[in-house]
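Heads up: the structure comes next, in structure tokens.
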Amino acid sequence: MELNGKRVTLGVSGGIAAYKAAELVRLLVREGASVRVAMSEAATHFVTPTTFQALSGNPVSVDQWDAGVANGMAHIQLSREADVLLIAPASADFLAKAVSGIADNLLTTLTLARDCPLLVAPAMNRQMWNNPATRRNIATLTGDAVGILGPASGEQACGESGLGRMLEPEEIVEELIAHFQPKPLKGRKVLMTAGPTFEAIDPVRGLTNLSSGKMGFAVARAAREAGAEVTLVCGPVALPTPRGVTRIDVCGALEMHARVMRLAATQDVFIGVAAVADYRPRIVSEQKIKKEDNPPPLIELVQNPDILAEVAALAHPPLCVGFAAETRNLAEYAEKKRRAKKIPLIAGNLVQDGFGGSANTLILFDEHGQQVLEPAPKLALARRLIARVAVLLENPHAPH
Ligand code: C5P
């Protein structure tokens with residue numbers, strides 16, 4: 001319930017993507033938001049107000065001269081009652097009107113009269129999106145602090161393919177959740193690793209581990225929610241990329257090391273969440289090793305570079321944060337690693353508590369000792385870790 005207690009006014013403008021707004025309302029309500037829907041007259045040709053009323057559990061406004069509203073001014077009422085105004089889909093026509101402050105129907109009047117933040121999820125044909133007029137409008141709205149969500153690229157209702165598709169409802173909800181998070185990392189660059197590494201033995205086999213990547217992806221999402229520009233270098237995982245995060249897929253530790261070292265010096269923060277293999281096979285067979293090859297092969301291992309320790313040893317290192325997954329003696333091992341790698345902060349967790357699951361228990365170790373974060377979903381823990389990182393960026397010796 002990430003949107004508990006939030007009041008969202010959803011404006012639906014006329015476009016075929018309006019049908020997705022129905023699913024959007026359902027997801028917003030599921031996250032705990034109270035949703036009021038306002039539709040343009042054009043939108044009612046695609047979806048009926050009854051659909052939105054049933055899904056939101058609230059009356060739907062279409063007409064700005066709605067006599068049912070106490071003060072007779074639906075636009076004022078709807079904006080007074082909202083923590084955010086979200087227009088999804090936002091048509092090219094709506095965006096153009098919003099730029100100039102035109103107020104000729106309920107949606108545009110509500111937009112002009114609002115005293116809450118405005119987020120728009122554009123949806124239009126790719127030619128309309130690429131038209132210089134729309135480009136100018138988007139630039140102006142961005143300058144006016146309007147949040148532009150998407151659009152995505154792909155197949156369009158008109159049969160063409162390109163940029164202009166409305167984001168999927170799940171993605172819009174993720175953006176809305178991010179909107180409500182504090183932004184202590186605004187303007188900061190965060191580089192991260194996540195997931196396992198896969199150390200090849202031959203073209204089809206390798207050494208790896210059971211890291212799911214979930215904790216690292218949650219940290220990446222939390223850092224982006226906090227306003228950072230996030231680059232996530234990850235080993236093989238089957239997880240969707242958090243919105244707004246730049247993802248670099250790698251396989252083995254050497255590749256992960258190379259990608260990280262290329263970027264590390266320009267970052268404010270480096271967080272190593274990946275379960276990097278300590279060793280890799282010295283020789284990678286070019287051909288698949290056959291069972292008949294006698295005797296059974298002996299695989300010689302060589303040590304991988306310690307990515308985190310190397311980043312921490314840079315002349316001007318970013319703030320370095322490590323993770324320690326242990327099966328026992330967590331406090332002792334985590335603190336030992338923190339000192340060995342010369343990093344200010346390490347997050348420890350017991351493998352049995354967190355590996356693969358969506359919840360975890362974390363203990364933060366720093367120069368002041370340990371801080372236990374109570375068991376919680378990984379995203380909630382990731383946000384707490386990021387909050388601590390933001391504090392340490394401002395004051396490296398800040399107490400708990
Ligand atoms: O493997 P270990 O327990 O030492 O990992 C502790 C921390 O060091 C983790 O944050 C991990 O991402 C990082 N690490 C690394 N490169 C390695 C091994 C570990 O960056 N080769």
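Order of listing sets the numbers, starting from 1, for every ligand and every atom in it.
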Inset, instruction - Would you confirm whether E171, through its side chain, and L167, through its main-chain N or O, come within 3.5 Å as a donor-acceptor pair? - result: no
Inset, instruction - Give every residue pair that meets the salt bridge (charged side-chain N to carboxylate O under 4.0 Å, His left out) criterion with at least one member in residues 304-323, sequence neighbours excluded. - result: D306-K341
Legend entry - Pair T134-N137, side-chain donor/acceptor within less than 3.5 Å: no
Inset, instruction - For R280 and N304, test the side chains for any donor-to-acceptor distance below 3.5 angstrom and give the result as yes or no. - result: yes
Inset, instruction - Taking only Lys NZ, Arg NE, NH1 and NH2, and the carboxylate oxygens of Asp or Glu, determine whether R188 and E394 approach each other closer than 4.0 Å. - result: yes
Which atom pairs, nitrogen or oxygen on both sides, join ligand 1 and the protein at under 3.5 angstrom?
residue	atom	partner	partner atom	Å
ligand 1	3 (O)	K337	NZ	2.2
ligand 1	4 (O)	K341	NZ	2.9
ligand 1	8 (O)	K341	NZ	3.0
ligand 1	10 (O)	G272	O	2.4
ligand 1	10 (O)	F323	N	2.8
ligand 1	10 (O)	F323	O	3.3
ligand 1	12 (O)	G272	O	3.3
ligand 1	12 (O)	A274	O	2.7
ligand 1	16 (N)	I307	N	3.0
ligand 1	20 (O)	L308	N	2.8
ligand 1	21 (N)	P305	O	2.8

Legend entry - Q53 versus T51, side-chain donor and acceptor atoms under 3.5 Å: no
